[in-house]
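One structure is given below, encoded as structure tokens.
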Amino acid sequence: MAQEITIVGGGLAGCEAAWQAARMGVRVALYEMKPRRFSPAHVSPLLGELVCSNSLRSNSLANAVGLLKEELRRLGSFLLKAADETRVPAGDALAVDRQAFAARITAGLEADPQVEIIREEITRIPPEGTVVIASGPLTSLALAASLKELTGETDLYFYDAIAPIVDGESIDLGIVFRASRYGEGNDYLNCPLTREEYDRFIAELIAGEKVPYRDFEKGVHFEGCLPIEEMAERGKETLAHGPMKPVGLLDPRTGKMPHAVVQLRHEDRQGTSYNLVGFQTKLKWKEQERILRLIPGLGNASFLRYGSLHRNTFIHSPVLLSEGLQLKKEPRLFFAGQITGVEGYVESTAMGLLAGINASRFVKGLPPVAPPAATAMGSLVRHISTPGPKDFQPMNVNFGLFPPLPTRLKGKEKNRALAERALRELEGWITGHLQTLRPAG
Ligand SMILES: Cc1cc2nc3c(=O)[nH]c(=O)nc-3n(C[C@H](O)[C@H](O)[C@H](O)COP(=O)(O)OP(=O)(O)OC[C@H]3O[C@@H](n4cnc5c(N)ncnc54)[C@H](O)[C@@H]3O)c2cc1C
């Protein structure tokens, strides 16, 4: 078999995958439709474009995305190196000069003799060869139609309404109460609001600063997933009759039905994180922290994922992909980046790194690899490739996805212990497993 792979998409995941493959001695044909065709959010002809913020978020190991970055550095990530080299001052965050970042990535790949960059749109999944699909959340419509044929109507999503997720340990259990509606079980945590608390919350929601809609996002809401602030604008009691309806829930402290309730539902099997049911929002992240902390019981909430709404093409990875990011029914096809159902620049890059390694291993006749479950990358991969009982929702990396520690710790101490364990396991994986099979770059 020829040691060559095709990569569709020269964004964050595609560029990382291309670099990893080239380091493994595999030739890469990297297809990027820009500048002939731009998605509604891309504007630069360069590869590796950051479409929105120039921040890759926290660099601290006490934060799961900071840990993921450190893992990527240790795994020889091309994009993390470019980010570190084009960094701009941003406190604890790793923010970059986006032009310099993209220019460095483009120049690095253009100069690589193993990589051929072809500026063309791929309109159908290539019928032969080993292929990495890394066409991103704004995959061109022609390719999306071809993906739909491959995956099936119900396994490709075009739109994303994400509710925030909070760390279970940061919820005040002295205020919230456990109950399902009409006494049918105890599955939810319920944050009760008095009329005064509700009124203040609604006023702040309406006044809060939001991420503006882009043209292509306007008018695409389903009534079933309107952002909470838009519901609040429709009428003061709309939320109290919608996702905040209190019917069937009695606060055990008062024996009465609260004026409104925010329900929290288990997000993970371990019960370490909870999502705010029906709380998709376009509030800016800082505003989400400020306003959602007005909800009784969430005064000290620690956010593991923020709410959002945007067009997002992603496949139903838990049924379609293996841990090696390989399509189960057609193993020559790999997926990388946001299209796998991860959310965020760093997460997309991480999936690019793994897909690049595994597609290269595939053409070399080697089995795919997956990082240990206790690493940030491993827990993210398992989140997207493990079938669960709930609807599949794209996810930022967060400590709630990690397997529990043997001892019970809290807060920063727990995060530190999770990070130490992750890096230990990653080092073991690199030296004991990966390095022998992937020559160092
Ligand atoms: C509007 C918007 C804003 C976002 N803001 C942020 C943010 O601020 N922070 C954050 O962490 N994450 C953000 N994300 C989420 C996500 O992290 C980024 O979209 C990230 O760039 C995804 O990386 P990727 O490599 O999967 O896709 P991309 O970086 O989008 O790369 C995909 C590439 O494939 C190309 N392509 C698409 N179709 C074809 C085709 N058929 N043939 C050839 N080439 C093709 C595209 O031109 C593009 O260059 C945002 C997403 C969107 C949609």
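In each ligand, atom 1 is the first atom listed, and ligand 1 is the first ligand listed. One is the number of the first residue; the rest follow in order along the sequence. Here the structure is a predicted model, which is why all the values come from computation and not from measurement.
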Notebook entry, point to check: For atom 47 (O) of ligand 1, which candidate among E120, H42, E32 provides the closest heavy atom?
Noted result: E32
Next item on the list: Heavy-atom distances under 4.0 Å are what count here, so tell me which part of S135 touches ligand 1: side chain, backbone, both or neither.
Entry: both
Next item on the list: Mark up the atoms of ligand 1 that fall under 4.0 Å of a heavy atom belonging to A13, in ascending order.
Entry: 25 (O)
Note to self: Using a plain distance cutoff, I'd like to know if G344 has any nitrogen or oxygen under 3.5 Å from a nitrogen or oxygen of ligand 1.
What the structure shows: yes
Check: Got an N/O contact under 3.5 Å between L12 and ligand 1?
Finding: yes
Check: Of the choices Y31, Y345, F314, F335, which has the non-hydrogen atom that lies closest to atom 14 (N) of ligand 1?
Finding: Y345
Checklist line | Within reach of ligand 1, part of S55 (heavy-atom separation under 4.0 Å) | finding: neither
Note to self: Below the 3.5 angstrom mark, is there an N/O of M33, backbone or side chain, next to an N/O of ligand 1?
What the structure shows: yes
Margin query: I'd like to know if the side chain of E121 reaches the main chain of M33, judged simply by a donor and an acceptor atom lying under 3.5 Å from each other, with no hydrogens or angles considered.
Written below: no
Notebook entry, point to check: Which of parallel (below 30°), tilted (30 to 60°) and perpendicular (above 60°) describes Y306 and W285?
Noted result: parallel
Note to self: Evaluate V51 for polar contact with ligand 1, using N/O atom pairs at a separation under 3.5 Å.
What the structure shows: no
Notebook entry, point to check: Considering only heavy atoms from C-beta outward, does the side chain of L239 approach that of I228 to under 4.5 Å?
Noted result: yes
Note to self: Looking only at distances, can you tell me whether any N or O atom of E121, backbone or side chain, sits closer than 3.5 Å to an N or O atom of ligand 1?
What the structure shows: no
Return all side-chain donor-acceptor pairs below 3.5 angstrom for residues 366-375, not counting sequence neighbours, or 'none' if the list is empty.
from, atom 1, to, atom 2, distance (Å)
T375, OG1, P372, O, 2.6
T375, OG1, G378, N, 2.8

Item checked: Distance (rounded to the nearest 0.5 Å) between I384 CD1 and S317 OG -> 5.0 Å
Check: N/O to N/O below 3.5 Å, does that happen between L138 and ligand 1?
Finding: no
Check: Would you find a donor on one side and an acceptor on the other, under 3.5 Å apart, between the side chain of Q326 and the backbone of L333?
Finding: no
Next item on the list: Ignoring hydrogens and angles, tell me if any N or O in the side chain of K282 forms a donor-acceptor pair with the backbone of L309 under 3.5 Å.
Entry: yes
Item checked: salt bridge (Lys or Arg N to Asp or Glu O under 4.0 Å) partners for E347, two or more places apart -> R57
Notebook entry, point to check: Which ligand 1 atoms are under 4.0 Å away from a heavy-atom of I122?
Noted result: 40 (C), 41 (N), 42 (N), 43 (C)
Check: Can you list the atoms of ligand 1 that are under 4.0 Å from a heavy atom of S140?
Finding: 37 (C), 38 (N), 40 (C), 41 (N)
